Amino acid sequence: MCGPPPRTPCATHRHAWTSIRSRSASEPLCIGALFHDLGLTEKFRTSRQRFALDGADEARASLTARGILIPADRAGLVWEGIALHATPEIPHHVAPEVAPVTAGVELDVLGIGYDTLPPETREAVVAAHPRPDFKRRILHAFHAGQAHRPRITFGNVKADVLDRFEEGYTRPNFVRIIEDSPWLH
């Protein structure tokens with residue numbers, strides 16, 4: 001059954017946070033954190049692929065442009081972490097280096113796991129990285145980064161953003177697509 005994300009981390013979320021502490025996960029996480037929303041920026045306003053793929057492609061290109069800055073398999077993990085960060089649940093079932101980008105986004109944007117952080121940790125994070133008007137600003141960034149490519153929202157949570165902020169937007173409907181398919185009668 002579909003519904004809102006859990007308010008407390010499940011076992012796979014706990015695994016993701018545990019793996020952040022390991023060196024094997026920290027490199028893809030740090031790079032993923034830098035590039036994960038790059039596809040929402042002005043540079044990609046003409047792109048027609050999902051914004052997460054734009055960020056993933058840019059990260060991989062940056063890591064391999066001047067020779068390999070990190071091994072190709074590690075660059076692939078960075079790509080996966082970024083490409084899948086807006087696809088709930090799946091990243092928690094692939095390589096352990098992939099899930100922490102999603103877990104970080106889920107904590108930062110959705111508040112999943114918020115209550116598991118001690119209050120002093122939350123206060124220190126906000127003091128170091130203030131979040132003035134964060135909710136409105138992140139929703140605006142999601143909208144601005146996707147309004148020109150509404151088809152990419154099919155099958156992901158960003159359809160909710162365009163449904164809320166884009167006048168005249170019609171959410172892609174899986175059932176309607178099947179019913180309108182020329183192959184099915």
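Residue numbers start at 1 and run along the sequence shown. Remember, predicted model here, so these are calculated numbers, not experimental data.
In this structure, the side chains of Arg137 and Pro132 come closer than 4.5 Å at one or more pairs of heavy atoms.
Residues passing the salt bridge (Lys or Arg N to Asp or Glu O under 4.0 Å) test with Arg45 are Glu42, sequence neighbours excluded.
Hydrophobic cluster membership of Leu162, counting Ile, Leu, Val, Met, Phe, Trp and Tyr whose side-chain heavy atoms lie under 4.5 Å apart directly or via other members: Tyr169. Side-chain contacts under 4.5 Å among hydrophobic residues (ILVMFWY), followed directly or transitively, place Ile152 with no other residue at all.
Around atom CZ of Arg48, more than 12 heavy atoms belonging to other residues, nucleotides or ligands sit under 6.0 Å away. Counted within 6.0 Å of CZ on Arg164, heavy atoms from surrounding residues, nucleotides or ligands total 12 or fewer; the atom is thus considered open. More than 12 heavy-atom neighbours from other residues, nucleotides or ligands sit within 6.0 angstrom of NE2 on His148. Counting heavy atoms of neighbouring residues, nucleotides and ligands inside a 6.0 Å radius, atom CZ of Arg122 exceeds 12 of them.
Thr64 places a side-chain N or O within donor-acceptor distance of the main-chain N or O of Arg60, the cut-off being under 3.5 Å. Within the 3.5 Å criterion, the main-chain N or O of Ala33 finds a donor-acceptor partner in the side chain of His36.
Under 3.5 Å, the side chains of Asp57 and Gln49 contain a donor-acceptor pair of N or O atoms.
Of the options Leu34, Leu63, Leu29, a side-chain contact (heavy atoms from CB on, under 4.5 Å) to Val78 is made by Leu63 and by none of the others.
Salt-bridge annotation for Arg149 and Asp54: present, with a side-chain N of the basic residue lying under 4.0 Å from a carboxylate O of the acidic one.
Of all heavy-atom pairs between Arg50 and Phe154, the closest is NH2-O, 2.6 Å.
Checked against a 6.0 Å centroid threshold, the rings of His85 and Phe51 count as neighbours.
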